[in-house]
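Letters A, B, ... are given to chains in the order of the sequence lines, protein chains preceding strands, and every chain is numbered from 1. Given the structure is predicted, the values throughout are model-derived calculations rather than measurements.
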Amino acid sequence: MATAPITKDSHLYLVDASAYIFRAFHALPPLTRASDGLPIGAVSGFCNMLFKLLEDLKGDDRPTHFACIFDASSHTFRNELYDQYKANRDEPPEELRPQFPLVRRAAEAFAAHAIEMEGFEADDLIATYARQAEAKGARVTIVSSDKDLMQLVTDKIVMLDTMKNKTMGRDEVFEKFGVGPEKVVDVQSLAGDSVDNVPGAPGIGVKTAATLLGEYGDLDTLLARAEEIKQPKRRETLINFADQIRLSRDLVTLKDDVPLETTLEDLAVQDPEPDTLLGFLEEMEFKTITRRVREMMEKEGALEAAPPAEDPIDRTKYACVRDFKELEDWIDRAAKQGFVAVDTETDSLDSVTANLVGVSLALAPNEACYIPLAHVDPNDAGDGDMFGADPPRQVRMKDAIKALKPLLENDAVLKIGQNIKYDLNIFAQHGIHVAPVDDTMLLSYVLNAGKHGHGMDLLSEKYLGHTPLSFKEVAGSGKSQVTFDRVALDKATDYAAEDADVTLRLWQTFKPLLHTEKVTTVYETEERPLVPVLAAMEREGIKVDRDKLSRLSSDFSQRMAALEAEAHEQAGEEFNIGSPKQLGEILFDKMGIEGGKKTKTGAWVTDADVLEGLAAAGHDLPRTIVDWRTLSKLRSTYTEALQAAINKETGRVHTSFSMAVAQTGRLSSSDPNLQNIPVRTEEGRKIREAFIADKGNVLVSADYSQIELRVLAHMADIDALKSAFKEGLDIHAMTASEMFGVPIEGMDPMVRRQAKAINFGIIYGISGFGLARQLGIPQSEAADYIKTYFKRFPGIRAYMDETKAFAKEHGFVQTAFGRKVHLAGIKSKGPQKAFAERQAINAPIQGSAADIIKRAMIRMPEALAKAKLKARMLLQVHDELIFECPEKEAEKLIKVAKETMQSAAGPKMDLSVPLEVDARAAANWADAH
DNA sequence: GCGATCACG
DNA sequence: GACGTACGTGATCGCA
């Protein structure tokens, strides 16, 4: 049986199968098998549901663990408590009885674990599994509409009614019962249940129960203080029927500690055996679903070419290479073969400072090795006390580097890695410039963006059906975690060689799919060549003025202290000014300000929008908080954190760019994030001023002007927008002029501001609500604006409709350069669909702009070299590139950078609008921007 | 570890 | 007729 650990990324589905059968039988039209009249309506409904759950769900919603839970018998411990429990139930109808065993067979055919236990109801098993999974941080979806299960709902556990396609979380439970899930039991104990024959308290229904609990808190308190109830009748009932209420509670409370026979891990989703499943469906004579299942299986066979099953991962076959001759042998074989998977092990996650600890190579499935280079005795505590600490015998670092260099730099040998930019930086520390490379993370990114993440463990699980050793398993976790150089060589070999092995297998899986999925060009022209460019930028880093940051920090601290004191005075009490919860209570509960909103967790919303509104209404405290928060943010996230991020050796800050995080093709930056350095406020700009050029150098910032609107004008083919850009008009003013019929000359800045918000709205997949919120105007007015906009630019609406239709048909959208962005929710209904539609509109625009700047970045090193410039590219901020160069070069650099950026769409795309780039040189980033 | 908040494009 | 909404990121904090 397949097993898989439950982690916080797991998603367990628990189907309340017995309840489903009854419901399907009554809700669905009666259906009989054509050949012999066997009733099969419930079986059909059940199969359709399973298929939908197992095959249709994508992304986060895709189950990792799955079980169908059945009632084993009608007699359970509840009958011992109360002999009338469920005593009013009729025998199941004649047409339903033969379907029970068929449904169990259906579950087996879908390879869905069918679980039942004598003496326990399905509900108790569901409760036990759900709570266990939740305790491990997993998400749980209970497929049922049974209100008895609603007590289980939490932030992690939701219910799904597949017939109504409705998800039930906290809010929905609250709507139904008037109390949160944790008090559902209390309500049910009072209200009783005629269906299950739970007595409850006579004359008290859900509404009254909720009211009472609202007043007294919980059932025990309510019963204890029943004397205080004002209404005589209710008081009497609660006092007289206290025992019956307590019994009811025992009946409705689900048992969540059933001694399970099948563990959670055993519920791992497994692929159905095609012959068994298709055989069963054909036997039932289900035409439609048989066809759909067959199509799905054919497609998956093509898409996820599973690894040769006869070659499962076998860690015992890995070699630990500890002498030089053996290393030379591996290198020879790799060179001969022409490709090799490579992975480095280090003592840190930061590729600029990390030390190389070992290298692993893989030549073929199971043919992999680990070459330890800097391991120490695992018993060495690392405290400098070298007693008993003999490093294990291993190849000398210097020798290994010398031997590996020709292989890693050999342009006839492809080096395959997972996130190989990291390894490039590690090897660069040792003077090795690895090329050419392939990256399995990027292969997955161009194939699967939007479907799922691209980390190795996830990809291995999904495409190889194999769970690699986790880092924690070999290095420990928490306080007892050690760096990799302290891991014993046998364990290190298992882990490291497996990573190379898995990488190689993923490459074999993904590489052929580039062509079938038509994403070769995106991979070859945008992703693969960008890797060394970004690696160099990360190594280069950017200089920051530590003293300036330090002075800003002190300044912010002082002003924060003053604001904090002021806030306490305005509040009339001391409170934690950094706690949104406490602030909300002071503003809306204590001070009694009306009109507050709550978040889905029940806390008051106190974000800047709300506080600005309150300040405008004449309250003093909100303004103080807003000011304090501004400074607090700047201090903790920037002035403090950036000082800590300065590299001791280089004296510069080195970010890490992620190429496979953003769904649209954008980069992201982290550790630290240098793509969100403040600029919008005066205080914020001071932080930008701390980003400086080295002595004798300047920073140059070059940014695309309105690139997303230009891309939109081109892609949607809007003549009015295109000519506006060609004529160099102020695009927001032009939009305002077209919409409101006012001249561009001497335009009211407020009118232009509104047009600007609309232009952004268009790019984001506009909604009246969003525009109204942004502009602070009534929704009706916003709707009118949008109407006017579409009337004036009908091509935009047509483009949006086409894009949505394409997304729905194909499940993805594309940028102008052929990058695919898959949209998980596009086929769902309700808010998920609306969200996916907005993504569908935004992704091609944002993604095409990302494509363009990537193309510019890739060409930049050669353009700089050709112009004989010493300039280095340091950062990318989505539509902006930051360089550093000798003062004297600045003018020439600006020219080269502009040309390269403005022509970056070609020759692949003949953009029908010009791309404008503004560039400036200065001593710091604020002035260059 | 998660939600709320806020910094950027 | 109601619902829930602007697109894409990452870091920090309080609080469970």
Side-chain angles (χ1 to χ4, degrees), chain A residues 7-8 136-137 154-156 166 171-172 175 449-450 575-584 598-611 625-626 629-638 640-642 644-645 655-658 661-681 683-684 687-688 703-704 706-708 757-775 779 782 786 821 829-847 849-850 853 875-880 929:
Chain A
T7 69
K8 68 174 173 44
K136 298 197 170 174
T154 64
D155 293 335
K156 288 277 180 191
K166 241 183 82 181
D171 294 350
E172 290 78 4
E175 242 172 70
F575 68 104
N576 184 345
I577 193 168
S579 163
K581 185 165 172 274
Q582 292 179 31
L583 174 65
K598 290 201 170 175
T599 65
K600 61 181 171 204
T601 57
W604 293 106
V605 177
T606 68
D607 63 17
D609 260 11
V610 169
L611 296 183
I625 301 290
V626 167
R629 279 191 186 162
T630 305
L631 294 176
S632 168
K633 178 78 175 183
L634 295 179
R635 197 183 97 92
S636 65
T637 309
Y638 300 103
E640 287 296 307
L642 281 172
T655 186
S656 167
F657 289 105
S658 302
V661 169
Q663 317 214 356
T664 52
R666 274 192 177 181
L667 302 177
S668 80
S669 158
S670 61
D671 308 301
N673 182 355
L674 296 185
Q675 287 182 324
N676 70 347
I677 301 303
V679 68
R680 290 174 188 170
T681 64
E683 300 293 350
I687 289 165
R688 228 167 237 238
D703 68 294
Y704 285 106
Q706 309 290 359
I707 189 168
E708 292 192 343
I758 293 168
N759 277 332
F760 273 103
I762 294 296
I763 290 170
Y764 294 156
I766 200 154
S767 76
F769 179 93
L771 183 63
R773 208 173 65 93
Q774 179 66 34
L775 285 175
Q779 204 171 325
I786 295 171
V821 179
K829 289 217 159 48
Q832 282 170 17
K833 180 182 158 178
F835 180 51
E837 284 183 347
R838 292 196 297 274
Q839 287 182 313
I841 289 164
N842 176 256
I845 303 170
Q846 189 182 112
I853 196 167
L875 298 176
Q876 186 249 45
V877 191
H878 311 306
D879 63 358
E880 174 188 15
H929 184 71

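At C:dT9, none of the side-chain N or O atoms of A:R666 fall inside 4.0 Å of OP1 or OP2 (strictly under the cut-off).
At least one side-chain heavy atom of A:Q876 sits less than 4.5 Å from a side-chain heavy atom of A:H878.
A:I677 has its CD1 atom 14 Å from the C1' atom of C:dT12, to the nearest Å. Atom CD1 in A:I762 sits about 14 Å away from atom P in C:dC7, given to the nearest Å. Atom CZ in A:F657 sits about 16 Å away from atom P in C:dT9, given to the nearest Å. The CG-P distance, from A:L667 to C:dG10, rounds to 11 Å in whole Å. In this structure, the OH atom of A:Y638 is 10 Å from the P atom of C:dA11, given to the nearest Å. Computed from coordinates, the A:I625 CD1 to C:dC13 C1' distance equals 14 Å when rounded to whole Å.
Among the heavy atoms of the strands lying under 4.0 Å from A:A757 is at least one base atom, whether or not backbone atoms are also near. Contact annotation for A:G578: backbone-only contact, meaning every heavy-atom pair under 4.0 Å involves sugar-phosphate atoms and none involves a base. If you check every strand for non-hydrogen atoms under 4.0 Å, A:R680 touches a base.
Near DNA chain C, meaning a heavy atom under 4.0 Å away, the residues from residues 668-676 of chain A are A:S668, A:S669, A:S670, A:D671, A:N673.
With both ends at atom P, the span from C:dT5 to B:dG3 equals 15 Å, rounded to whole Å.
When distances are taken from the side chain of A:Q774 to each of C:dA6, C:dG4, C:dG8, the shortest belongs to C:dA6. Here the side chain of A:A834 is nearest to one of C:dC15, C:dT9, C:dG4, namely C:dG4.
Nearer the 5' end of DNA chain C, as judged by each residue's closest nucleotide, is the contact made by A:E175, out of A:A662 and A:E175.
Counting 5' to 3', DNA chain B first comes under 4.0 angstrom of a heavy atom of chain A and last does so at the ends given by B:dC2 to B:dG9.
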With pairs defined as Watson-Crick or G-U wobble and both distances under 3.5 angstrom, please note down DNA chain C as a dot-bracket string, | for pairing with another strand. ......|||||||||.
